[in-house]
Amino acid sequence: MTIDVEVVATSSLGDRSYLAHDGQVAVVVDPQRDIDRVLALAGRLGVRITHVVETHLHNDYVSGGLALAKVTGAAYLVAAADAVAFHRVAVTDGDEITVSGRLRLAVVATPGHTFHHLSYVLHGPTGPVGVFTGGSLLFGTTGRTDLLGKEHAHTLARHQHASARRLADLLPDGAQVWPTHGFGSFCSATQSDASESTIGRERSANPVLRLEADDFVTTTLAGLDAYPTYYAHMGARNADGADAIDLTPVRPASADELRARIAAGEWVVDLRSRKAFARQHLTGTLSFGLDGPMSTWLGWLAPWGAPITLLGESPEQVAAAQRELARIGIDRPAAAATGTPRQLAGGDASRLGELTTATFADLAAARDGRPPHGLPAPDVVLDVRMSNEWRAGHIDGAAHIPLPDLPHRLDAVPDGVIWVHCGSGYRAAAATSLLVRAGRRVVHIDDAYAQAAAAGLPTVTTDKEDI
């Protein structure tokens, strides 16, 4: 019987969990909070989960590890050095865990992403198969080192370099690398498009295995950008031990209740695509389409603990958003409603709005004094991408406020007609809806930033923030 490793991907958060099994028993690594996916997978495979392991106390999501261990009766392995408020099997560097006669784990201390980070080498009958690296060695990069505070980032970066080198020295080139982060997660120092890797591939391509320590530390720290503010709540929640997830339906809201919540300035969120939102939406609502990283951006922008109301085309859409939000600790939305914007408005057409949209070619024409029919000339072009994106290149003369800062800096946006863009259109839709809610006149540039230069718009690079 071979050892198989199944991936449970959470693409919206850029993370992966794993289920490794020998056909009879299984170990689960870094499970997300919605453990029903893991239980269903184990059921389909006909295997019994006997061990659940954490590579570290996660900063980007609420772990389902404790709940999964309770439901299955599995041993729950957490670093002995981590202070937690629940019973666990405390493991440390050098420990070996026998899962079955054919499957065992070897614990390797790999500090860097956190101080007490562990990796788990998976051994089969013939030797090491691969390593679960959590936030240590990722595909083409490493986990970021500043999540425990900027004051620790330099020290952890040096640890990260040593840890990656240790794994590379310990394992053969053919050993698989199974990271938890790095698929769009803000826990990753940089991003990679790879879907799988081995120690050998990382040895030839990963900067941590190609650069000397000083160069790696300098490069890594220079590339770090902001990360979601809700991360501040995840580590503490995981140290306390998260309870079971509650995915029962959210309380429905009437049209009158929606009107009251919008009037109160609450976060009433439209989950439809940004194009559907642009065509028609309930005035005062905010665009965070479920077709993009909704939970990351909504969790980042909305004040922690603020009531959130979800609007969807169907109960299934609301349920999907509820699951996404529960993964980052937003357990129970305040209310929800489904239907068309007109239905949500109670038939009152005066409560409906639409967005003006454009392309970068339209912006170029407007800047040349010939705006396309129906489009107002821009008084300001607002770039809401992150600072690293801005520094790498931006439209000459544009203003810059990263999307996470916008709710607190609406007053800093210059007067007049605002044309808003990001990298693809998703973040710009959220920014546009925030500005429209604040009473501003906005054009949403729903276009890929790569088209800016193609449209003839001059771009520049600078370290200076515009506003």
Do the non-hydrogen side-chain atoms of [X] and [Y] ever get within less than 4.5 Å of each other?
| X | Y | value |
| --- | --- | --- |
| Leu118 | Val53 | no |
| Val84 | Leu57 | yes |
| Thr359 | Gln451 | no |
| Ile199 | Val177 | yes |
| Leu410 | Leu406 | yes |
| Thr72 | Leu39 | yes |
| Arg440 | Asp415 | yes |
| Leu363 | Pro378 | yes |

Inset, instruction - Tell me, please, which residues at least two apart from Asp243 pass side chain to side chain contact (heavy atoms under 4.5 Å, CB included). - result: Arg33, Arg237

Are any of the side-chain nitrogens in [X] or [Y] under 4.0 Å away from the carboxylate oxygens of its partner?
| X | Y | answer |
| --- | --- | --- |
| Arg251 | Glu257 | yes |
| Arg327 | Asp15 | no |
| Asp396 | Arg367 | no |

Inset, instruction - Applying side-chain contact (heavy atoms from CB on, under 4.5 Å), run through Thr432 and Arg274 and close with a yes or a no. - result: CA-CA 10 Å; Thr432 298; Arg274 63 181 184 270; over 6 Å; no

Is it the case that [X] and [Y] place a side-chain donor and acceptor less than 3.5 Å from each other?
| X | Y | result |
| --- | --- | --- |
| Arg37 | Ser17 | no |
| Glu324 | Ser12 | yes |
| Asp246 | Thr248 | yes |
| Thr55 | Asp30 | yes |

[X] and [Y]: which non-hydrogen atoms are nearest, and at how many Å?
| X | Y | value |
| --- | --- | --- |
| Leu13 | Ser295 | CD2-OG, 3.6 Å |
| Ala358 | Trp419 | CB-CZ3, 3.7 Å |
| Ala74 | Ile49 | CB-O, 3.7 Å |
| Ala321 | Leu310 | CB-CD1, 4.1 Å |
| Val380 | Pro414 | CG2-CG, 4.0 Å |
| Ala26 | Val47 | CB-CG2, 3.9 Å |

Inset, instruction - Report the C-alpha separation of Tyr61 and Thr180 in whole Å, then their side-chain angles, then the decisive distance to 0.1 Å, and conclude whether the side-chain contact (heavy atoms from CB on, under 4.5 Å) test is met. - result: CA-CA 11 Å; Tyr61 65 85; Thr180 300; 3.8 Å; yes

Just by modelled atom types, is the [Y] backbone N or O under 3.5 Å from a matching donor or acceptor in the [X] side chain?
| X | Y | answer |
| --- | --- | --- |
| Asp146 | Leu221 | no |
| Asp383 | Arg385 | yes |
| Thr229 | Trp300 | yes |
| Arg210 | Ser204 | yes |
| Glu54 | Ala79 | no |
| Tyr18 | Pro179 | yes |
| Ser433 | Ser287 | yes |
| Asp270 | Thr285 | no |
| Asp368 | Ala365 | no |
| Tyr230 | Gly329 | no |

Let me confirm one number: the [atom1]-[atom2] distance from [X] to [Y], rounded to the nearest 0.5 Å.
| X | Y | atom1 | atom2 | answer |
| --- | --- | --- | --- | --- |
| Glu202 | Leu167 | CD | CG | 11.0 Å |
| Thr220 | His154 | OG1 | NE2 | 10.5 Å |
| Tyr449 | Thr459 | OH | OG1 | 5.0 Å |
| Glu354 | Thr283 | CD | OG1 | 10.0 Å |
| Leu301 | Asp405 | CG | CG | 9.0 Å |
| Arg391 | Asp225 | CZ | CG | 6.0 Å |

Inset, instruction - May I ask you to decide if the ring planes of Phe288 and Trp267 are parallel, tilted or perpendicular, using 30° and 60° as cut-offs? - result: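 Tilted: the ring planes of Phe288 and Trp267 meet at 30° to 60°.
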
Inset, instruction - Look at the aromatic rings of His161 and Phe216 and report parallel, tilted or perpendicular, splitting at 30° and 60°. - result: tilted

Inset, instruction - Answer with yes or no after comparing the ring centroid distance for His117 and His159 against a 6.0 Å cut-off, counting only values under it. - result: no

Inset, instruction - Establish, yes or no, whether a centroid distance under 6.0 Å links the rings of His394 and His400. - result: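 No, too far apart.
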
Legend entry - Val28/Val8 under side-chain contact (heavy atoms from CB on, under 4.5 Å): CA gap, chis, key distance, verdict: CA-CA 10 Å; Val28 175; Val8 182; over 6 Å; no

Legend entry - Check against ring pair (Phe, Tyr, Trp, His ring centres under 6.0 Å), His58 and His56: CA-CA 6 Å; His58 303 281; His56 60 294; 4.2 Å; yes

Inset, instruction - Could you give me the CA-CA distance, side-chain angles and deciding distance for Arg16 and Phe132, then say whether side-chain contact (heavy atoms from CB on, under 4.5 Å) is met? - result: CA-CA 11 Å; Arg16 287 181 175 180; Phe132 299 105; over 6 Å; no

Legend entry - Arg144 charged N/C atom sitting above Tyr227 aromatic ring, 6.0 Å / 45°: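 No, Arg144 and Tyr227 do not form such a contact.
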
Legend entry - salt bridge (Lys or Arg N to Asp or Glu O under 4.0 Å) assessment of Glu389 paired with Arg427: CA-CA 13 Å; Glu389 295 172 281; Arg427 289 172 290 176; 2.8 Å; yes

